[in-house]
J.: 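Take a look at this one; I'll ask things after.
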Protein chains: 2
Amino acid sequence: MEESTIKLTRKEQIFLTAERLFKEKGYMASSMRDIAAELDIEAASLYSHIKSKDEILETICFRMADQFLESIAEANDLYFNAEERLKMAIKSHIKILTGDLNASSVFIREWRHLNEPRLSEFKELRNKYENEFRSILQNGEDENVFQTVDKKFAVLTILSALNWITEWYKPEGEMTSDEIAENLSAFILNGLRK
Amino acid sequence: MEESTIKLTRKEQIFLTAERLFKEKGYMASSMRDIAAELDIEAASLYSHIKSKDEILETICFRMADQFLESIAEANDLYFNAEERLKMAIKSHIKILTGDLNASSVFIREWRHLNEPRLSEFKELRNKYENEFRSILQNGEDENVFQTVDKKFAVLTILSALNWITEWYKPEGEMTSDEIAENLSAFILNGLRK
DNA sequence: CCTACCGATCGGTAGG
DNA sequence: CCTACCGATCGGTAGG
């Protein structure tokens with residue numbers, strides 16, 4: 001595990017531990033004392049490295065949001081037709097998810113516990129990301145390659161299928177991350193193509 | 001709203017209020033005092049009608065689980081070919097979800113906070129339900145109507161797309177529950193057919 | 001990074 | 001259904 005073999009700052013160790021606990025038990029059910037115990041220190045000592053429990057959740061959620069937004073910008077830069085853009089966007093999304101399951105789960109499930117104004121900022125980033133997907137579907141429709149569908153509805157359906165991966169994916173499992181990406185993008189493209 | 005116009009037992013009012021709060025803020029972030037305040041009574045008074053906070057969550061989760069299991073049994077009873085079975089199973093699933101968004105959200109998101117042994121019982125029911133879907137996909141493959149796919153993977157993908165509806169569906173929105181069911185079952189069937 | 005501690009809040013009970 | 005209350009636990013601070 002990274003936590004024990006690679007040298008990380010205490011702050012990063014705190015984030016990694018929190019991600020794991022937040023995924024397992026949820027943000028509200030994980031106490032600062034739980035996190036501290038995992039690191040063999042006292043709860044009060046955490047506050048030498050971080051400002052608050054809120055800060056941990058914020059850091060996790062916004063780091064993930066940034067990664068997702070970067071990856072779709074890259075897909076749009078690299079490709080110019082809708083089908084390849086969507087294929088890469090789906091694969092990158094899955095790569096990010098499976099590359100850090102703990103942080104991804106927190107990003108997907110626990111963002112509701114962000115406080116304002118961070119909560120609104122987060123929702124805005126999410127919306128921006130969904131918008132990029134909607135644009136790709138529109139591209140495909142304009143190119144006469146994709147069917148005419150309700151974009152909002154289609155994007156939410158696609159992203160839900162992708163995000164659910166964090167609920168069942170096991171790195172030791174039968175399917176590799178790439179196989180999942182291949183299957184899912186084929187399934188989705190198949191459903192969208194004319 | 002049902003809560004004010006139809007006469008309900010106090011116990012049912014407590015469940016309805018809890019479903020709404022658990023959906024909005026999550027189980028852990030909703031206190032017994034929050035629930036009581038919504039009903040204009042003291043927290044201690046809740047305990048004349050229910051045994052514990054746990055009991056509320058259990059009731060919500062298992063009621064929903066029972067509904068889903070009944071609905072798929074009905075689909076299997078009424079139809080004998082895979083395509084019709086799956087179509088009805090999808091539509092019934094969506095009807096249950098949109099028919100009670102609060103309870104459905106709790107069922108989907110908050111079951112993790114069940115305690116043993118109820119947690120294991122719940123997971124078993126969930127697995128039973130997923131198994132019924134897997135059987136239908138197998139039927140379709142045997143009938144030479146559906147493609148050969150990884151059933152576990154396909155069912156999780158289908159259910160995730162269905163369940164995500166609770167995150168964005170608004171009864172006042174543009175799409176009716178039936179339209180969503182129609183679109184989604186067409187999309188899924190399209191992806192599965194040979 | 002620790003000891004010692006704070007005020008707030010939690011689920012729940014006793015007794016009426 | 002309420003008053004009065006319990007022990008436990010929470011996020012966080014002061015001061016070293």
Side-chain angles (χ1 to χ4, degrees), chain A residues 3-4 7-62 106 109-119, chain B residues 3-4 7-62 106 109-119:
Chain A
E3 291 175 62
S4 55
K7 262 178 205 153
L8 294 163
T9 60
R10 208 39 154 169
K11 191 164 181 173
E12 280 309 316
Q13 289 177 38
I14 292 170
F15 287 140
L16 282 172
T17 306
E19 284 163 4
R20 183 161 40 83
L21 292 181
F22 291 175
K23 175 180 180 165
E24 274 169 25
K25 317 200 290 173
Y27 175 73
M28 291 299 294
S30 305
S31 70
M32 295 303 275
R33 282 159 181 83
D34 291 335
I35 297 171
E38 293 281 318
L39 294 165
D40 276 312
I41 59 178
E42 294 299 320
S45 306
L46 293 170
Y47 293 89
S48 310
H49 304 96
I50 50 133
K51 281 204 291 286
S52 64
K53 193 185 175 188
D54 290 340
E55 190 207 0
I56 301 178
L57 183 62
E58 286 175 12
T59 303
I60 299 170
C61 289
F62 282 90
V106 176
R109 272 195 238 142
E110 306 295 333
W111 59 270
R112 285 164 232 275
H113 297 107
L114 291 169
N115 293 317
E116 294 293 359
R118 303 293 276 158
L119 178 59
Chain B
E3 290 176 63
S4 55
K7 261 178 206 151
L8 294 163
T9 61
R10 207 40 153 171
K11 191 164 181 173
E12 281 309 317
Q13 289 178 38
I14 293 170
F15 288 140
L16 282 172
T17 306
E19 285 163 3
R20 183 159 42 83
L21 291 180
F22 292 175
K23 175 180 179 164
E24 273 170 26
K25 317 202 289 175
Y27 175 73
M28 291 299 294
S30 305
S31 71
M32 295 302 276
R33 283 159 180 82
D34 291 336
I35 297 171
E38 293 280 318
L39 293 165
D40 276 313
I41 58 176
E42 294 301 317
S45 306
L46 293 170
Y47 293 89
S48 309
H49 304 97
I50 52 132
K51 280 205 293 286
S52 63
K53 194 184 175 188
D54 290 339
E55 189 207 0
I56 300 178
L57 183 63
E58 286 175 12
T59 304
I60 298 170
C61 289
F62 282 90
V106 175
R109 274 195 235 141
E110 305 296 334
W111 59 268
R112 286 164 230 276
H113 297 107
L114 290 169
N115 293 317
E116 294 292 0
R118 303 293 275 159
L119 178 58

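Just so it is clear: chains get the letters A, B, ... in the order the sequence lines come, proteins before strands, and each one is counted from 1. Note: hydrogens, waters and symmetry copies are ignored here, and every other heavy atom, side chains too, is used.
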J.: Taking for each residue the nucleotide of DNA chain D with the nearest heavy atom, is it A:Ala29 or A:Lys51 whose nucleotide lies nearer the 5' end?
T.: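 Result of the comparison: A:Ala29.
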
J.: Which atom pairs link the protein and nucleotides 2-4 of chain D when you take only N or O atoms and keep those under 3.5 Å?
T.:
unit_1: D:dC2; atom_1: OP2; unit_2: B:Glu42; atom_2: N; d: 2.7
unit_1: D:dC2; atom_1: OP2; unit_2: B:Ser45; atom_2: OG; d: 2.4

J.: Could you check if a side-chain atom of A:Phe15 sits within less than 4.5 angstrom of a side-chain atom of A:Thr9, using non-hydrogen atoms only?
T.: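 No, too far: nothing below the 4.5 Å cut-off.
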
J.: Using the rule given for side-chain contact (heavy atoms from CB on, under 4.5 Å), can you reason through A:Ile60 versus A:Glu110, listing the C-alpha separation, both sets of side-chain angles and the distance that settles it, and then say yes or no?
T.: CA-CA 10 Å; A:Ile60 299 170; A:Glu110 306 295 333; over 6 Å; no

J.: Does the side chain of A:Arg10 get closer than 4.0 angstrom to OP1 or OP2 of C:dC1 through an N or O atom?
T.: yes

J.: Could you tell me the separation between the NZ atom of B:Lys25 and the P atom of C:dT9, rounded to a whole number of Å?
T.: 12 Å

J.: What I want to find out is whether A:Lys25 reaches A:Asp34 closely enough, with some N-O distance under 4.0 Å, to be called a salt bridge.
T.: yes

J.: If you check the A:Ser31 side chain, which of D:dG11, D:dG12, C:dC10 turns out closest?
T.: D:dG11

J.: To the nearest Å, how far apart are B:Met28 CE and C:dT9 P?
T.: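 Result: 16 Å.
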
J.: Rounded to the nearest 0.5 Å, how far apart are CG of A:Leu57 and CG of A:Leu114?
T.: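 Those atoms lie 4.5 Å apart.
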
J.: Please state how far atom OH in B:Tyr47 lies from atom C1' in D:dC5, giving the value in whole angstrom units.
T.: 14 Å

J.: So which atom in B:Met32 and which in B:Leu46 form the shortest heavy-atom distance, rounded to 0.1 Å?
T.: O-CD1, 3.2 Å

J.: Mind checking the CD1-NZ spacing from B:Ile56 to B:Lys51? Nearest 0.5 Å is all I need.
T.: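 Between B:Ile56 CD1 and B:Lys51 NZ, I get 11.5 Å after rounding to 0.5 Å.
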
